[in-house]
Structures are given as C-alpha cells and as structure tokens.
Amino acid sequence: MGLVTAIIPAAGSGSRIGSSSYKQFMELGGKPVIIHTLEKFQQSSEIDEMVVVFPPDKVREFSGRIAAYGFHKPIRFVAGGERRQDSVHQAFLSVNGRQTELVVIHDAVRPLVEADLIQRVVERARLTGAAIAAIQAVDTIKEVSSKDVVVATLNRSTLRQVQTPQAFAYPILRKALQRAYADGYYGTDDSSLVERIGIQVAVVPGSPLNIKITTPADVRFAELILRARG
Ligand code: C5P
C-alpha cells in the first residue's frame, strides 16, 4: 500500500469575511483555524504526509508560523495559484506519484473536521478510487434566473451539500487535473474534475458541523462547537 498525502489548500485571501486578515489564520479557541485543521490530519492514522498551500508571497511567513507548532508528520509548503483549483494543482505537482496511493484534499478553513470522517473518506476511496464527504440538503433548493426569479424547484431528496475531505487515487486525480487544464475547465470542487473523466465518485456521509469558515457568524459557531467538545 502506498502513501496517503493530504493537500490542504490555504492560499485564499480573507476577502469574503470582510477583513484584511486571512481566514485560515483567524484565532479559534486560542489557535489559528489552520492549526485546528492540521491537528486533525496529524491525528489521523490514515495520513502519511501533508502539503499546505499558501499565497505565493506568504509562504515563508506562514510556514514559519506553522513550524512553531511542531507537527511531527512530514509537512511541506507550496505556493498556490489564483483559484483554489490552481492551488490544489500546484500541491499535486509536488506529490511523488511513484510512492503515493491516495490524495486527500481538505480546505484549511474547515477546522471542525473529525479524524473519523477523514478515515471514512479515505477507506471508501481506497475501495472505489474516488470518495467525497457530503450531507443531505435540509433546505429546499431552487434554481433562479439572473433576475432572481425562480426557474425550478429541485428534488431535495437527491441533493447533497458537498464538503471536504475528498480523496482520490493518485492516477485518477492526475488524469482529472490534466483533462481540466487541457479543456480550460474550472470546478467549484475537486470531484467535479473527476466526474468529467467518467469516474464514479462515492459519497460518504459528512457532518453538519464540518463547516467552511466563511463569515464572522461561522467563527462564533465554531467557537461554540469547540467549547462543547472540550
Ligand atoms: O474560497 P473558498 O472558501 O472556496 O476556499 C476554500 C479553501 O481554498 C480555503 O482554505 C482557501 O484558503 C483555499 N484557496 C486556495 N487558493 C485559492 C483560493 C482558495 O488555496 N486561490
């Protein structure tokens, strides 16, 4: 069995949260968001090494901050790209294809992920080649026009809200990325690239607590969950 490499894209800027600071370094329970995330991958027995992607002009500074926490798994830092997919691609190019069996991708800004979910996604990808975490949609989801008029009401029972982690066999992700860049395709998640090359993607139940920190309200919610977990 080959290595399992975790790619942690953390090269986004903080623009959506309305602050000049970087979401991945916001303090949560006394530690930066990304430290919570990396601790979960450090704890997971499934993960052999981690690749963290930072904004190109911040790699030196941010990697210094991570190093201060003394993670003992092999961890390397890579300069990201303009879009999240570019950042994942840059990290992927640093992965050794001869040694690596699976690549697990997880947003740095989902710090409430639990080791159990990482394990379930990895185990499923080991069997199927591609697996993602997702939860049932609880709200009704409608398609709307550019003028904010309802076009269609989608069948909720077939809808899932997709999260990370997402895990793929190395050759599958390589082919998916190659095809996406050849076609000029950008997806909003990694598995959409894999779907495009005709590979079935297995869905593993995620967690409603595995939120992506996007707004100040998310930070407050995450603080509460961390406190409740002790
Ligand atoms: O912007 P979004 O919320 O989709 O970002 C999800 C994750 O992707 C974040 O951890 C962010 O830092 C990362 N990202 C990245 N490179 C970009 C944009 C986002 O690594 N160019």
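Note that the coordinates shown come from a computational prediction; the quantities given were computed from them, not determined experimentally. Ligands are counted one by one from 1 in listed order, and the atoms in each one are counted from 1 as well.
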Undergrad: Ignoring hydrogens and angles, tell me if any N or O in the side chain of Asp48 forms a donor-acceptor pair with the backbone of Thr5 under 3.5 Å.
TA: no
Undergrad: Please identify which atoms of ligand 1 are closer than 4.0 Å to at least one heavy atom of Glu82.
TA: 21 (N)
Undergrad: Any Lys/Arg nitrogen of Arg120 or Glu123 sitting under 4.0 Å from an Asp/Glu carboxylate oxygen of the other?
TA: no
Undergrad: Quick one: look at Arg84 and ligand 1, take heavy-atom pairs under 4.0 Å, and tell me if it's side chain, backbone, both or neither.
TA: both
Undergrad: So is Val53 touching ligand 1 or not, going by heavy atoms under 4.0 Å?
TA: no
Undergrad: Check ligand 1 against Lys212 and write out every atom of the ligand that is under 4.0 Å from a heavy-atom position of the residue.
TA: 2 (P), 3 (O), 4 (O)
Undergrad: Which ligand 1 atoms does Ala108 reach within 4.0 Å, using its non-hydrogen atoms?
TA: 10 (O)
Undergrad: For ligand 1, which atoms have a heavy atom of Arg83 less than 4.0 angstrom away?
TA: 17 (C), 21 (N)
Undergrad: Run the contact test for Arg110 against ligand 1 with a 4.0 Å cut-off on heavy atoms, strictly below, and give the result.
TA: no
Undergrad: I want to know whether Phe62 and Phe77 have ring centres closer than 6.0 Å.
TA: no
Undergrad: Check ligand 1 against Pro9 and write out every atom of the ligand that is under 4.0 Å from a heavy-atom position of the residue.
TA: 7 (C), 8 (O), 9 (C), 10 (O), 11 (C), 12 (O), 13 (C), 20 (O)
Undergrad: Relative to the heavy atoms of Lys23, which atoms of ligand 1 are at a distance of less than 4.0 Å?
TA: 3 (O)
Undergrad: At less than 4.0 angstrom from any non-hydrogen atom of Val109, what atoms of ligand 1 do you find?
TA: 9 (C), 10 (O)
Undergrad: State if Ala10 counts as touching ligand 1 under the rule of any non-hydrogen atom under 4.0 Å.
TA: yes
Undergrad: For Glu223 and Gly29, indicate whether the former's side chain and the latter's backbone hold a donor-acceptor pair under 3.5 Å.
TA: yes
Undergrad: Check whether Phe168 and Leu3 end up in the same hydrophobic cluster, where Ile, Leu, Val, Met, Phe, Trp and Tyr are linked by side-chain heavy atoms less than 4.5 Å apart.
TA: no
Undergrad: Does one hydrophobic cluster hold both Ile105 and Ile66, with members joined at side-chain heavy-atom distances below 4.5 Å?
TA: no
Undergrad: Do the side chains of Asp107 and Pro9 get nearer than 4.5 Å, heavy atoms only?
TA: yes
Undergrad: Taking the side chain as C-beta and beyond, is there a heavy-atom pair between Ile34 and Phe54 under 4.5 Å?
TA: yes
Undergrad: Using a 4.0 Å heavy-atom cut-off, which part of Ser87 comes near ligand 1: side chain, backbone, both, or neither?
TA: side chain
